[in-house]
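Have a look at the structure below before the remarks.
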Amino acid sequence: MVGRRIRRADVEFRLEYQAPVTQDARHLAEGEQVLKSFRFTADAPGHPGATPQPCDDKMYGIAALRYTNDIWEDDCQTIHEFAGADLSARPKVHRRVLPFQSYALAKGFDNCLYSVTKSPTNAPERVYRYNPATGQGEYTRWQLPAQGPENVWISAATDEQGHLYFMTSDASKLVKVNPTDGLVTVLWTADPQRQAPFYPKIGFAGAGSHGNFCLDEAQVLYQVYSTDGSLMSVDLATRQPGPQLIVPTGLPERGGYSDLLFQKDERGRRWLYMAGPKALYRVNMSRGEAELVRRGIYTDLAGCNVFRREPPLVGAAPPSAGLPATGVWRGRVLDATTYQPLPQARLRLGPAGAETTVPLTAQGAFSYLVEPGRPAAAQVRLPGYLPLDSTYATYAGPTGRTYCCSRSLLAPPWGWIKSALSRGVPGCSRPRIRP
């Protein structure tokens, strides 16, 4: 049996090809080709909150300060707009476009920005929508619940369905807003990091906050410790925190880390951006290294291009008869220290920007249908391990199989991960695509 998942808006379609074991060898290639051929041939039906355009590559930040009459003063109402192709370039400034001071900003799939006041009122708060294309803003009907005494909404983010998330400064409340129907859901009312073994290091009286967060494609929530830039994670599906703090190298030791955002560049490479002390940093999660991108103080970052999907191919030309139309990428995901399978890991494969979740067997094995000659992106996520993000060329060749290889991410105590999506380790072959 082979399968494929296709997602349109908030609906996931699951396609399967099944055949008896005795027939599988004869008909597997045909079944895989049939699954590969399914595409959407028209736009999704319109509904409130839906939008036909994809999330663009623009990135936004709330400016913490403004310069007026030779004096620096608090702002938190001005938004800086960056082009994803060059974040070091001068931003477009949307001056004081928010009707309140804010610490929380999220970007929707409609390319509008959503925010809420930082005022600690302990009362329900309405979400504000700002359209950077028109320069117009208005309050939505969506209302967040009371945030709690001596608390503020400190951060916001977007997931791959376009839902918006808001978190309080003590990380004790996380809510989700569905833009399609305006439904507001409280996801938790107690900080999951309190169950992490490292929590005493960050949760003592007078310690910095860790309510600033972002989400990745595998529904893993990443938070930053404001004091030193350490990263921590929570699996949204299980509410389980990662067991250890991750400390990227290359960051200033002093505090002032205020938000995180995953973003892809024009080549499809995935980066973690961090608003730090008087600067914006870019973190290579595979190597655990950070570098300064630009100067500036931002209370929150917003973007959603990491969830972009390629438009459906309508009326595409048939593949050349001289090349195989499909290939199969097979491998395993293992722990690089113990060489034991990691079936609980979340693996995503596919064209850059259009990756899909691939199931793993109990042995950590996977099989994925690909198009030879088209670059494929690979992502592995598992709490307790650093994320793996890579892009590989896919090849046509004689029938065979792909042997898993290993790749170390970071030295202990953070752990190592071994993946079939890595190369260069003795005893393992490089990834190859077999038709």
Side-chain angles (χ1 to χ4, degrees), residues 103-104 118 120 122 145 147-157 159 165-176 186-216 218-249 251-262 272 274-277 281 283 285 288 290 299-301 335 337 342 344-346 381-387 409-417:
Y103 289 156
K118 73 178 184 70
N122 192 25
Q147 62 269 56
E150 300 181 2
N151 224 343
V152 300
W153 296 108
I154 198 172
S155 187
D159 71 8
Y165 293 73
F166 295 85
M167 184 181 288
T168 54
S169 54
D170 64 355
S172 65
K173 185 171 291 184
L174 177 69
V175 300
K176 178 177 73 173
V186 177
L187 298 183
W188 71 53
T189 56
D191 179 11
Q193 297 296 352
R194 291 179 176 272
Q195 307 304 317
F198 58 77
Y199 185 76
K201 298 180 181 179
I202 66 170
F204 57 88
S209 68
H210 59 280
N212 286 287
F213 74 103
C214 68
L215 293 165
D216 73 0
Q219 286 289 284
V220 176
L221 184 148
Y222 288 86
Q223 295 166 278
V224 60
Y225 182 42
S226 64
T227 300
D228 62 6
S230 298
L231 305 177
M232 57 200 82
S233 63
V234 177
D235 187 317
L236 276 186
T238 63
R239 305 293 192 270
Q240 292 299 309
Q244 291 161 338
L245 287 170
I246 301 170
V247 185
T249 61
L251 292 174
E253 294 182 1
R254 55 181 176 173
Y257 296 92
S258 58
D259 201 32
L260 299 168
L261 176 67
F262 281 112
L272 177 68
M274 181 184 298
Y281 295 87
V283 181
M285 293 293 283
T299 66
D300 212 50
L301 304 174
D335 185 289
T337 301
L342 298 172
Q344 68 274 34
R346 293 188 178 183
R381 301 287 182 273
L382 181 62
Y385 295 82
L386 284 178
L409 293 183
L410 207 63
W414 297 289
W416 300 46
I417 190 167

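Only heavy atoms go into these numbers, but all of them, side chains included; no hydrogens, no water, no symmetry mates. Just so it is clear, the structure is predicted and the values come from calculations on it, not from any experiment.
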Mind checking whether [X] and [Y] have side chains closer than 4.5 Å, heavy atoms only?
X    : Y    : value
V224 : S230 : no
Y281 : P252 : yes
I202 : L245 : yes
F166 : Q147 : no
K118 : W153 : no
M274 : D259 : no
C214 : L272 : yes

Just how far is it from atom [atom1] of [X] to atom [atom2] of [Y], taken to the nearest 0.5 Å?
X    : Y    : atom1 : atom2 : value
T168 : E150 : OG1   : CD    : 13.0 Å
Q193 : M232 : CD    : CE    : 5.5 Å
L174 : W188 : CG    : CH2   : 4.5 Å

For this session: Please say which of V283, L221, N212, L231 ends up in a side chain to side chain contact (heavy atoms under 4.5 Å, CB included) with L260.
Result: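 Testing L260 for a side chain to side chain contact (heavy atoms under 4.5 Å, CB included) against V283, L221, N212, L231 leaves exactly one candidate, L231.
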Exercise. How would you list, by chain and number, every residue that makes a ring-ring contact (aromatic ring centres under 6.0 Å, His included) with Y103, sequence neighbours excluded?
Worked result: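 If we apply the ring-ring contact (aromatic ring centres under 6.0 Å, His included) test to Y103, skipping adjacent residues, there are no hits.
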For this session: With side chain to side chain contact (heavy atoms under 4.5 Å, CB included) as the test, would you mind laying out the steps for R381 and D216 before giving the verdict?
Result: CA-CA 9 Å; R381 301 287 182 273; D216 73 0; 2.8 Å; yes
For this session: Evaluate side chain to side chain contact (heavy atoms under 4.5 Å, CB included) for L251 paired with Y257, printing each intermediate quantity in order.
Result: CA-CA 10 Å; L251 292 174; Y257 296 92; 3.4 Å; yes
Side-chain donor-acceptor pairs under 3.5 Å in residues 233-243, sequence neighbours left out?
from	atom 1	to	atom 2	distance (Å)
D235	OD1	A237	N	2.8
D235	OD1	T238	N	3.4
D235	OD1	R346	NH2	3.2
T238	OG1	Q240	N	3.3
R239	NH1	L236	O	2.0
R239	NH2	L187	O	3.3

Problem set entry | Non-neighbouring partners of A207 that pass side-chain contact (heavy atoms from CB on, under 4.5 Å), sequence neighbours left out |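 Once residues adjacent in sequence are excluded, the partners of A207 under the side-chain contact (heavy atoms from CB on, under 4.5 Å) criterion are F204, Y225.
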Problem set entry | For S258, all residues meeting side-chain contact (heavy atoms from CB on, under 4.5 Å), sequence neighbours excluded |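 Here the qualifying residues are A275.
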Exercise. Would a line drawn from the ring center of Y165 to the ring center of F213 be shorter than 6.0 Å?
Worked result: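 They do not qualify: ring centres at least 6.0 Å apart.
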Exercise. If you look only at pairs with a residue in residues 190-208, which of them pass as a salt bridge (Lys or Arg N to Asp or Glu O under 4.0 Å), with sequence neighbours excluded?
Worked result: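 Sorted pair list comes back empty.
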Exercise. Minimum heavy-atom separation for G211 to S155, with atom names?
Worked result: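 Here G211 and S155 meet closest at O-CB, 3.6 Å.
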For this session: Tell me, please, which residues at least two apart from D300 pass salt bridge (charged side-chain N to carboxylate O under 4.0 Å, His left out).
Result: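 Listed in chain order: nothing, the list is empty.
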Exercise. Does any N or O in the side chain of S169 come within less than 3.5 Å of the main-chain N or O of I154, such that one atom is a donor and the other an acceptor?
Worked result: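 Here the side-chain-to-backbone pair does not exist.
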Problem set entry | Pair S209-D170, side chain to side chain donor-acceptor pair (under 3.5 Å): steps then yes or no | CA-CA 6 Å; S209 68; D170 64 355; over 6 Å; no
